[in-house]
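First the structure, in the form of structure tokens, and then the observations on it.
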Amino acid sequence: MYGRLWTMLIGFVVTFAFCLSSPGESSAQTREEGPWWPSSQWGADDQAGGSNWITSDKILQALQSVKTGEVYELGHIYERGMPLFGPRDFKMIIPAPGPGAWGKNASVWHDDFFIGEIGQVGTQFDALGHAGMRMTLEDGSERDVFYNGFTREEILSPAGLTALGVEKAGPIITRGFLIDIAGYKNTATLSSHHEVTIEDVQGALARQGIDEAEIQPGDAIVFNYGWAVNWGNPPKYNNADYSHPENKGSPGIGIPVARWLAEKKVSLVGADSCCVEVIPNPDKSLIHPVHQELIMLHGIYMLENLDLRSLASDEVYEFLFIFNPLRLKGATGSPGRPLAIR
């Protein structure tokens, strides 16, 4: 998760070291063909990304993961005072009810009024229009480019994105795997600057008795860092005010693990932190490169601010995973209620 991308990338130049095989290497890029588009999996018009892997057969496979029917809530409650990244806002108001009651049956009711960023607060699902990169195309023009080569000029409108909006994502009903990094490290909570490595992932899977070959296209992977314990302390969790003495960043995966996940062709990656990836990146010249690696390059969705404490405590490592983003036309993300069914 991060603030409006254009405010963070203006005047900022990133290399292709993390998205091309050779650092600094650049091939000719046109609107029709670039370093990560058109999609080699689903073609130039695709806007569904990793949710394409979730076929009827995949759902049937996922249902076989259910053994007891026990349901785990993996999301936080949406409420005032929850950690918000940067200038984002969340306010829900119950308007004063009208005078009296209606009809002979004396009908009364409540409504609610919402003010805020509905798609990028709380437990949040990042759509494919969320993360992109500013780059120079072959004709010399500068463009902000997103998944499958869509440019900002093509998709941005005051009423929402005209392509890559969250309504293009399919329902996420698939097999889920918890990778308990905190458990593997034998700690309640990872340190704020811990970058999860391939060795961490493989060690955690081995500890859990899972062969990494079991992870198949379309699966959802969620990482437990133990960071949800800080949810009640917004400055420490993720208020993006790095001048605050309690804000020391947050743990997460780095580019090597993101590439490993992309090779596995997973549909979604989530974690119990603001950004899934380590914040700040150890390479201070890179701003949220894992978002670019997963969302922009591979169309893999991200789900942030999970609460995985019960799942990890009960050692539930494989489950039916369900998350249905709201069909908000043109939105860059969505709230929702992620569930694991044991």
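Everything numeric here is computed off the predicted structure, so don't read it as measured data.
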Look only at the side chain of [X] and the backbone of [Y], and say whether a donor-acceptor pair between them is shorter than 3.5 Å.
X    : Y    : value
Q61  : R175 : no
T174 : G218 : yes
S192 : K248 : yes
D272 : D307 : no
N148 : W37  : no
N52  : I54  : no
T162 : I155 : yes
W42  : G50  : no
Q292 : A131 : no
T123 : H76  : yes

Please name the pair of heavy atoms, one in [X] and one in [Y], separated by the smallest distance, quoted to 0.1 Å.
X    : Y    : result
G226 : A182 : N-CB, 4.0 Å
E70  : D314 : OE2-OD2, 4.1 Å
Y147 : H298 : CE1-C, 4.1 Å
P251 : S273 : O-OG, 3.8 Å
P97  : W109 : CB-O, 4.4 Å
L294 : L261 : CD2-CB, 4.4 Å

Measure the shortest side-chain to side-chain distance between [X] and [Y] over non-hydrogen atoms and say whether it is less than 4.5 angstrom.
X    : Y    : result
R342 : Y72  : yes
P335 : L326 : yes
L161 : F146 : no
M82  : Y237 : no
R31  : F150 : yes
N305 : N238 : yes
E293 : E277 : no
L303 : V222 : no

side-chain contact (heavy atoms from CB on, under 4.5 Å) evaluation trace for M302 with L268: CA-CA 6 Å; M302 297 178 71; L268 175 145; over 6 Å; no
When rounded to the nearest 0.5 angstrom, what distance separates [atom1] in [X] from [atom2] in [Y]?
X    : Y    : atom1 : atom2 : answer
R134 : R152 : CZ    : CZ    : 6.5 Å
S56  : I173 : OG    : CD1   : 11.5 Å
H291 : D126 : NE2   : CG    : 4.5 Å
H130 : Q120 : NE2   : CD    : 4.0 Å
Y317 : N224 : OH    : CG    : 9.5 Å
T332 : I118 : OG1   : CD1   : 11.0 Å

Please step through side-chain contact (heavy atoms from CB on, under 4.5 Å) for the pair I198 and V257, ending with a clear verdict. CA-CA 6 Å; I198 294 290; V257 173; 4.0 Å; yes
Linked, directly or transitively: [X] and [Y] (ILVMFWY side chains, under 4.5 Å):
X    : Y    : value
Y184 : F223 : no
F114 : I94  : no
F113 : F90  : no
Y225 : L308 : yes
V278 : L190 : no

Among side-chain atoms of N233 and E246, is any donor-acceptor pair under 3.5 angstrom? yes
Compute whether any side-chain donor of one residue and acceptor of the other, for D139 and S141, lie under 3.5 angstrom apart. yes
Have a look at V71 and tell me which of V66, I322, L320, I341 forms a side chain to side chain contact (heavy atoms under 4.5 Å, CB included) with it. I341
When W260 is tested against each of I221, I215, V266 for side chain to side chain contact (heavy atoms under 4.5 Å, CB included), which residue passes? I215
Take atom [atom1] in [X]; do more than 12 heavy atoms of anything else shown fall under 6.0 Å from it?
X    : atom1 : result
N186 : CG    : no
R207 : CZ    : yes
R80  : CZ    : yes
I77  : CD1   : no

Is any side-chain N of the basic residue among D219 and K58 closer than 4.0 Å to the acidic one's carboxylate O? yes
Pairing of D200 and K185 as salt bridge, 4.0 angstrom limit: yes
Under the side-chain contact (heavy atoms from CB on, under 4.5 Å) rule, what do W36 and V145 come out as? Steps first, then yes or no, please. CA-CA 10 Å; W36 69 83; V145 189; 3.6 Å; yes
Can the ring centroids of F125 and F323 be said to lie less than 6.0 angstrom from one another? yes
For C275 and F85, run side-chain contact (heavy atoms from CB on, under 4.5 Å): C-alpha distance rounded to whole Å, both residues' side-chain angles, the deciding distance at 0.1 Å, then the answer. CA-CA 10 Å; C275 307; F85 196 85; 4.2 Å; yes
